[in-house]
Amino acid sequence: MSANEQTLALQESEERFRATFEQAAVGIAHVATDGKWLMVNQKLYELLGYTREELLERTFQDITYPEDLDTYMEYVRQMLADEIQTYSMEKRYIRKGGSPIWINLTVSLVRETLLPGQATQKDKPKYFIAVIENIAGRKQAEEALNRSSQRLETLQQIDRAILAADSLPKIVHAALSRIARLVLAEQSFVVLFDFENSIARIIAEKLTGDWQVLENATMPLTDFIPTQVLEQNRENASVSNFYLDYPPILQRQQAAEMGSYICIPMFTKDNIIGEVILASDRRGAFNTEHLQIVSEVANQIAIAMQQTQLREQLEQRVAERTAQLQEANTELEAFAYSISHDLRAPLRNMQGFSQALLEDYAEQMDSTAQEYAHRIIRAGERMETLIEELLAYSRLSRAEIQLDPLNLASIVADALAQVDEYFRERQVKIKVDKPLLQVQVLAQRSILIQVIINLLTNAAKFITSGVQPQLRVWAEHSHEVIRLWVEDNGIGIAVEKQERIFAVFERLHGIETYPGTGIGLAIVRKGVEHMGGRVGVESEVSKGSRFWIELSTKR
């Protein structure tokens with residue numbers, strides 16, 4: 001290739017480089033080792049708001065956000081020391097005018113190629129090549145996502161705190177103390193309206209200065225907030241947001257000027273019950289997002305207040321009904337609590353010693369032993385549940401229960417899931433005629449599940465030693481009645497004893513042969529009869545048994 005051809009090729013190569021450099025979609029620059037900009041493309045100086053000449057008069061240190069400079073300089077030192085060949089980092093530059101902008105910076109170092117006689121020396125650093133990508137949009141999205149996540153987490157915390165509160169003041173304090181993490185305000189309180197008596201009750205979370213007069217105050221509605229505002233909120237059922245127009249009570253006191261405040265009415269159905277108010281001494285302290293947050297919290301408080309009132313009404317009704325039934329249930333309650341005490345004493349010992357084994361001797365126990373201890377604890381928990389349900393049954397002996405249409409297949413599946421471990425340990429083989437179970441019965445879910453569990457475990461228990469338990473479950477539908485059957489291949493029951501087995505603590509066999517409490521089938525009868533159904537058994541000695549329960553399909 002001739003000298004002219006070489007010159008032309010070099011010019012073409014430089015033109016291609018220039019075109020690529022200037023038209024790149026990201027900022028590109030050559031930077032001296034002392035930080036001075038040597039060459040910058042159009043994308044970079046437009047990104048930073050400077051002209052090319054203005055930027056070339058500066059160093060990268062001049063436009064680096066102060067908090068990011070130390071990290072940046074450490075990377076530069078490592079590159080100059082030949083410890084790293086390149087680096088990439090997210091950092092902030094300062095645009096012309098002083099505003100920060102997030103960029104992703106990738107840097108490599110160009111070194112001079114030394115002559116052959118200098119090969120023992122390191123190549124001398126020449127300049128840095130920097131690629132700058134604008135990531136401000138992504139950072140804004142991340143910040144918005146973080147704010148949204150924090151907002152959601154705080155609102156969930158408020159939900160949990162409100163649920164744990166048992167009084168109106170506790171509900172308000174739980175909500176407003178946590179909302180302060182999202183919305184900064186010098187004053188935060190709730191006003192509860194009593195239109196019947198024309199008064200407003202204040203429940204304050206935070207009050208300062210002239211606002212402290214409102215602490216736990218009760219005053220006329222017209223003394224607290226203009227009547228026209230209340231009427232507007234009641235008619236439109238909408239959120240109000242306005243700069244502070246001082247409540248009359250503070251106007252009369254010539255309170256120092258406040259900046260802004262948010263006033264969110266609280267509604268239950270179509271009735272306004274009060275307001276959530278946040279105030280700040282700064283104008284423009286609140287924005288649309290703050291409004292949304294406070295509105296959500298106001299709704300949470302209103303719902304919680306309504307639920308609290310309903311709970312208080314329900315508790316009053318329960319107390320009245322309990323008083324009416326107390327005399328009739330005295331003996332039954334005494335009996336049930338006696339049973340509960342007698343059962344819970346050994347149960348607590350079992351659970352306590354099992355827990356102590358795990359806490360004090362876990363390292364000396366292998367995995368099997370630890371699993372056994374866990375099983376003991378789980379068994380104790382199931383027993384505790386059974387005791388609680390037995391007490392519940394006793395209290396409901398003469399009270400109404402709520403019957404709902406339930407899918408029988410779903411109920412049987414839940415019961416089988418709870419006895420799965422028990423059946424696997426005893427190698428129980430069970431067949432369920434599923435098509436016949438896709439029916440609706442009127443029952444109370446927890447009671448019906450317990451009834452079926454008791455029938456299943458009873459069927460699997462009374463089996464001749466050495467015989468694999470085999471059970472069958474099916475249902476029959478006739479004349480708005482469902483009859484559920486549980487059949488076993490057990491020892492059977494003599495005809496004259498079949499009625500006795502449903503009595504409390506009635507046992508036909510010694511506890512050494514067939515362990516049990518003697519209350520399982522009694523609970524079956526009690527539960528089914530409470531749901532308006534019937535229970536029975538068909539059996540012959542040595543030929544197994546078929547237990548059945550009947551429930552209605554219509555109210």
Side-chain angles (χ1 to χ4, degrees), residues 144-195 199-208 211 214-218 221 224-225 229-242 244 247 260-280 285-316:
L145 181 61
N146 288 336
R147 288 197 307 271
S148 177
S149 176
Q150 182 185 10
R151 171 179 170 178
L152 178 61
E153 181 181 357
T154 300
L155 291 174
Q156 289 174 339
Q157 291 175 356
I158 291 173
D159 270 335
R160 291 192 292 269
I162 285 176
L163 289 173
D166 57 7
S167 66
L168 292 182
K170 288 183 179 179
I171 289 172
V172 171
H173 292 312
L176 296 187
S177 64
R178 287 165 176 79
I179 202 176
R181 302 172 188 174
L182 300 176
V183 183
L184 298 179
E186 286 74 27
Q187 329 293 339
S188 59
F189 55 97
V190 165
V191 186
L192 301 180
F193 298 148
D194 181 351
F195 289 101
I199 59 174
R201 175 190 173 195
I202 315 303
I203 302 179
E205 168 59 23
K206 182 169 62 173
L207 294 173
T208 62
W211 291 78
L214 303 177
E215 185 76 36
N216 298 323
T218 299
L221 286 176
F224 181 74
I225 195 166
V229 174
L230 293 176
E231 293 300 326
Q232 177 186 354
N233 286 335
R234 183 188 291 111
E235 292 174 3
N236 297 334
S238 62
V239 171
S240 298
N241 176 41
F242 44 87
L244 182 62
S260 55
Y261 85 107
I262 297 177
C263 173
I264 307 294
M266 299 186 300
F267 294 92
T268 56
K269 295 183 179 179
D270 296 329
N271 299 319
I272 185 170
I273 61 172
E275 292 177 332
V276 176
I277 294 181
L278 272 66
S280 172
F286 306 122
N287 55 34
T288 303
E289 183 179 9
H290 294 151
L291 252 179
Q292 295 172 349
I293 293 171
V294 180
S295 296
E296 291 177 19
V297 173
N299 289 335
Q300 289 173 304
I301 294 174
I303 292 171
M305 290 171 60
Q306 186 177 30
Q307 290 175 338
T308 298
Q309 293 171 351
L310 292 175
R311 185 175 66 248
E312 291 173 351
Q313 293 173 2
L314 178 60
E315 289 173 352
Q316 182 178 357

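Residue numbers run from 1 in the order of the sequence given.
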Audit row: E186, T208, side chain to side chain donor-acceptor pair (under 3.5 Å) steps and yes/no: CA-CA 7 Å; E186 286 74 27; T208 62; over 6 Å; no
Intermediate values then yes/no, side-chain contact (heavy atoms from CB on, under 4.5 Å), N216 and I202: CA-CA 5 Å; N216 298 323; I202 315 303; over 6 Å; no
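- With sequence neighbours excluded, the residues that form a side chain to side chain contact (heavy atoms under 4.5 Å, CB included) with E296 are R151, L155.
- For K170, the side chain to side chain donor-acceptor pair (under 3.5 Å) partners two or more places apart in sequence, or in a different chain, are D166.
- Taking all atoms of both residues into account, the shortest heavy-atom contact from A200 to F193 is CB-CD2, 4.4 Å.
- For the side chain to side chain contact (heavy atoms under 4.5 Å, CB included) with L192, the qualifying choice from I273, T218, I203 is I203, the only one to do so.
- Contact annotation: the side chain of I264 never approaches that of I277 to less than 4.5 Å [non-hydrogen atoms, C-beta and beyond].
- In this structure, the side chains of Q187 and L278 stay at 4.5 Å or more apart for every pair of heavy atoms.
- K206 approaches A185 most closely through the heavy-atom pair NZ-O, 2.6 Å.
- Summarising the geometry, atom CD belonging to Q300 is positioned 11.5 Å from atom CZ belonging to R178; distances are rounded to the nearest 0.5 Å.
- Closest approach of E205 and S177 over heavy atoms only: OE2-CB, 3.6 Å.
- H290 pairs by the side chain to side chain contact (heavy atoms under 4.5 Å, CB included) definition with V183, I262, F286, N287, not counting sequence neighbours.
- Residues V297 and V276 have side chains not in contact (no heavy-atom distance under 4.5 Å, counting atoms from C-beta outward).
- The minimum heavy-atom distance between P265 and E275, with the atom names listed, is CA-CG, 4.0 Å.
- The shortest non-hydrogen separation linking M266 to A302 is CB-CB, 4.0 Å.
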